[in-house]
Each structure stands twice: as C-alpha cells, then as structure tokens.
There are 2 protein chains.
Amino acid sequence: MDETVEVLKKLGFRDYEARVYATLAMKGEATASEIHRMSGVPRNKVYEVLRSLEDKGMVETVKSSPAVFRAIDPESVLEEYKEQLVSAVDTAIRSIKESEDFSLLHPVWCVRGVAGIKNRAKAMLQKSEEVFVITANRAYLDMILKIKNPEEITVVTDDVKKFSGLNIKTLELKEEFSGIFNDAVIDGVRYSFELLLISGYESFGVYRVGNELLGVSISLPLIILFQKMIFLGLLAK
Amino acid sequence: MDETVEVLKKLGFRDYEARVYATLAMKGEATASEIHRMSGVPRNKVYEVLRSLEDKGMVETVKSSPAVFRAIDPESVLEEYKEQLVSAVDTAIRSIKESEDFSLLHPVWCVRGVAGIKNRAKAMLQKSEEVFVITANRAYLDMILKIKNPEEITVVTDDVKKFSGLNIKTLELKEEFSGIFNDAVIDGVRYSFELLLISGYESFGVYRVGNELLGVSISLPLIILFQKMIFLGLLAK
DNA sequence: TCCATTGTTACTACGAGGGTAACAACAAAA
DNA sequence: TTTTGTTGTTACCCTCGTAGTAACAATGGA
C-alpha cells in the first residue's frame, strides 16, 4: 500500500490522489467513508479528490446513497498513462534534436553530484569504443560493465588482484606512482582520486572534494599524450 | 521550442526548468545571460534553475568567467528518465494487483467526462469477445476498430450506408425506432444518445447531457434480454 | 577610471495542496 | 415523531514551492 502510494506520487499523483486511488484500486470499489478510513485522507477531501480522479478518467461512480466509487481497470489506465509519458519523452527528444544548434564546444566541463556524474560517464561510455579505466575501486568497474563489454576495457590500477576473474585486460602501476590513489588534505579539505576514464580524445575524471563528488571532463588531443604516458612511464611489467 | 517546453512540463519539469533545459539542450552550450535572453527566464533565476538541473544530473558546468553551461547528452538523459517512469508504472500495476481485494461488484456505474469514458470503453472492449455497437456516428466505430477486429463487431444503426466498405456486419433499425438517435430537450437541457456497446452481460452507453458526456455501464442479465429485443423488434430486414 | 556584465541575496505575490471546522440533507433507529 | 449518526458540501486557514522583481557587490573590459 505505502509502496504503491510512493510509486504513484513519482508518476505525478498528489499525496491525496495517490492514497485515494491506491485504496480504490486495491479494494475494487468503496464508499467515500471507507476510503477515508483506509487511506487516512480527510473525509471531506475524499469527495474532492475523487472528482479530480474522475476528470482524469480513472474513477467511475454509482450515484446511490451513499455513493460508491470504483477505479476503472487500473492496469489498462496505468498502461495508457505510461504510453503517454513515453511518447512525451520521445517527442521531447525529437524536437530537441531537430533544433539542435551546436556551436563551439567547450573542451573542459565540470559535473557536480552523483547523478550528473553517472549520466556523464554513461554518455561517454556509450559513444566510445575502447576505454581505459584507472581506479583503485572495484565498484566503479562493476558499474562500467553494465554498459560496456569486458573486451573493450583496460583497467589500470594499483593491485591487479582486485580485478581478477573478470576476463578484463589489467595493468598494474609501478609502485612509485600508486600513491595517486591516496587521499590528500589541503586546507582541511580532503581530496581523493576516485576514477579516470580515457577514450579516444576524451577523458573523464571523478574526484572527491570534501564530501562532494566532482566530475571533470576534458576533450583534448592532450589525452592521447596521457595515454602514451601511461604506457611508457607509469606501468610495471 | 515552445512545444519542447510543453512536453517537458508534462514530464514534471517546472516552467523555468523546462525553458532553461530546452534552451540549453537545443543550443548545446550557453552562458547564463544567453539562456536568459533566449528563454525569457529572469537572469538571476537562471543560476538557481541551473543548479537544480545540475543536482538532477542534467547539466554540467565549466567554471570560467562567465560560466558556461551545457546539457548532458539530452537523449540519453531523457531515455533514462523514461525508463524510470516506465518501471514506476509497472511497479504500481504489480503492487496494486498483489493487494487486490474485490468485494461485491456493483452492477451500475457512471463515468463522467471524455477521458473516463474512453478508458472504460477500452477496458470493456479488451475483455469482450463479440460486441454490438449501436450508434449513428461513424467516428465511434473508427475508435473501436483500433481495439477490436472487424469480425467481432456488429453495428446497429439508422442508415447502414454510413458504415459501408468496412467489412463489418451491419443491421439497420426500423424507421419507427430510428428516432432514438434524435436529440431531446428537457427543461432546457439537451439530451442525446451517442453510443451503446453490448457484450455478454455488460452494456456501456454514452449520452450527451447538456455539454457534458456521460457514460453508463450496466452489468446485468437484463442485457441479454435487450439483445434479443434488438433482433426481434427494432431491426428492419 | 568608468561602465556593463556577472553572480548573489533578499523580498513580494500568488496559488495549489494539505488540513480543520461546521452545517444542511438524509436515513435508520428508538 | 424525535433522535442520532452518516453523508455530501462549503468555508476557511496555513504552509510551501514557484513565479517574478529589486538591489548590490564583484568582476572585467574599455
């Protein structure tokens, strides 16, 4: 019940609407008072909410005394609702694409917060072929593997044992460079290196600054140089 | 542009959010002032909205002077958003089904408004086999044909010529009964018959009362009787 | 130096949604 | 018949999020 309400709210239902509709959909049919008791929505508000749900085509009524209400086939109504949302998204994507007007594209970008970093990384991984992953943290690799095939990945890390059994190319850093994974504290703020993705001309690094995650994307020929550096300098046999 | 904004709002974006995001997605990247000029959102609000979009993982920044903003791959972000909505709907349907507890089912139900009538009719048509359609209006039949096959439909009407060329069984009402399609005015309110669906034990009628559409669903053995009546009395050879 | 732009903060106005109280209409029970 | 409880409706308050406006320090180029 509570879960249903939460999900409905995610779909744009108001609190009262979600509670009334969930109750009605589960019980099949009910009077206003029953809905009030089961959902906790104030009794007088129930009528108001039911009218609104009726306008949206989700509830039908029998005008008796007391009036009885019923959710119109929840499955088909919600499916229809889903279709509308899907087509809305598709319309949005299409109309954005139509009027796209990319001018100069800045080669350096910062992304704040987890959500943005995930999106950014996903977008980069999807359009890239081969990718280098530099990290000391296995968790990041597991996320990457949801998007890319193992054979497209090369992992560079401090200890290859962490990534064994994955059928992935792994390279180990020389000892003198493995310190890049250690925390640094500057002016009381803790900085740590989390992850670096490199593909083609693009790199995307994730760092922890204090309590926040920061993503930095750099698209420059420089990247190729960095790749070479990795091979020439940082790696142990 | 305007269309994009409208669609985004349907997906839960606020007005300012939609306008800023649409602008940014179309232009690729822009400064706050450019966004302000193109979207009409107050310049100082642009910063606020951009931060909110950043938190949602849809915008990235380069901290220069002036700062430049960019929409993170709109297609993949919106696709992801769509997936979330779809899975939310599926969860809702599942958890409603799990806790369904249908008790006595009332045999008479009223549905107000176009949306509800559509949903109701759709639900009925989907679970029915053969169906009788009584109407004088071709438009309703076209909608029904989106859901049901022609061979499952029998149309009863005042003038079979309206429904020619559709490969559907048609029956014509005797002249003395064809008046049921005419408007009636009672106490200044206009009543008219629009559509009647009959299948098995269930009937669903649509009427116009004043300016509103009213749907009435009746699930009673009586319905079979009505069907017989149609055959015995109302029809012309 | 001056002036335009940038980024920030504070504040007002408004409406939607949540929440409470009260009341007439009605129906069943005493 | 009166009483009592329920039903459906109306009116109101409060809060919060969003739209919209004003003002100001910081920045940076001319």
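Every chain is numbered from 1, with letters handed out A, B, ... down the list of sequences. Values below: all heavy atoms of this structure, side chains included; hydrogens, waters and symmetry mates excluded.
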Spacing of [X] atom [atom1] relative to [N] atom [atom2], expressed in whole Å:
| X | N | atom1 | atom2 | value |
| --- | --- | --- | --- | --- |
| B:Glu17 | D:dG17 | CD | C1' | 11 Å |
| A:Ile35 | D:dG8 | CD1 | P | 11 Å |
| B:Glu48 | D:dT18 | CD | P | 9 Å |
| A:Asn44 | C:dA22 | CG | C1' | 10 Å |
| B:Glu34 | C:dT6 | CD | C1' | 13 Å |
| B:His36 | D:dA22 | NE2 | C1' | 14 Å |

What closest approach, in Å, do A:Ser39 and A:Ile35 show between heavy atoms, and which atom pair accounts for it?
->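 Of all heavy-atom pairs spanning A:Ser39 and A:Ile35, the closest is OG-O, 2.7 Å.
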Count the heavy atoms of every other residue, nucleotide or ligand shown that sit under 6.0 Å from NZ of A:Lys10, and state whether that count exceeds 12.
->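 No - once you tally the heavy atoms of other residues, nucleotides and ligands closer than 6.0 Å, there are 12 at most.
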Take atom NZ of B:Lys148 as the centre, draw a 6.0 Å sphere, and report whether it contains more than 12 heavy atoms from other residues, nucleotides or ligands.
->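 More than 12 heavy atoms, drawn from other residues, nucleotides or ligands, come within 6.0 Å of this atom.
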Between [X] and [N], is there a contact of a side-chain N or O with OP1 or OP2 at under 4.0 Å?
| X | N | result |
| --- | --- | --- |
| B:Ser33 | C:dT5 | no |
| A:Tyr47 | D:dT9 | no |
| B:Tyr16 | D:dA19 | no |

How do B:Arg43 and B:Val49 order along DNA chain D: which one's closest nucleotide is nearer the 5' end?
->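 Result of the comparison: B:Val49.
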Distance-only polar pair, side chains of A:Thr61 and A:Glu54, donor-acceptor under 3.5 Å =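 The answer is yes; a qualifying pair exists.
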Closest listed nucleotide, where the reference is the side chain of [X] and the choices are [options]:
| X | options | result |
| --- | --- | --- |
| B:Arg19 | D:dG20, D:dT7, C:dT8 | D:dG20 |
| A:Ala32 | C:dT8, D:dG8, D:dT10 | D:dG8 |
| B:Arg51 | D:dT21, D:dT7, C:dT8 | C:dT8 |

Record whether the side chain of B:Lys45 comes under 3.5 Å of the base of D:dG20 through a donor-acceptor pair of N or O atoms.
->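 It does, because a donor-acceptor pair links the side chain of B:Lys45 to the base of D:dG20 below 3.5 Å.
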Report which part of the nucleic acid B:Thr31 touches: base, sugar-phosphate, or nothing (heavy-atom distance under 4.0 Å, all strands).
->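 Result for B:Thr31 = nothing.
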Touch class at under 4.0 angstrom, heavy-atom based, for A:Asp15 against every strand present =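 Since only primed, P, OP1 and OP2 atoms lie under 4.0 Å of A:Asp15, the category is sugar-phosphate.
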Atom pair CZ (A:Arg70) and CE (A:Met58), whose distance is rounded to the nearest 0.5 Å =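 Going from CZ on A:Arg70 over to CE on A:Met58, the span is 15.5 Å.
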Want to settle it: does B:Arg37 or A:Arg14 sit nearer the 5' end of DNA chain C, counting the closest nucleotide to each?
->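 Comparing both residues, the 5'-ward one is B:Arg37.
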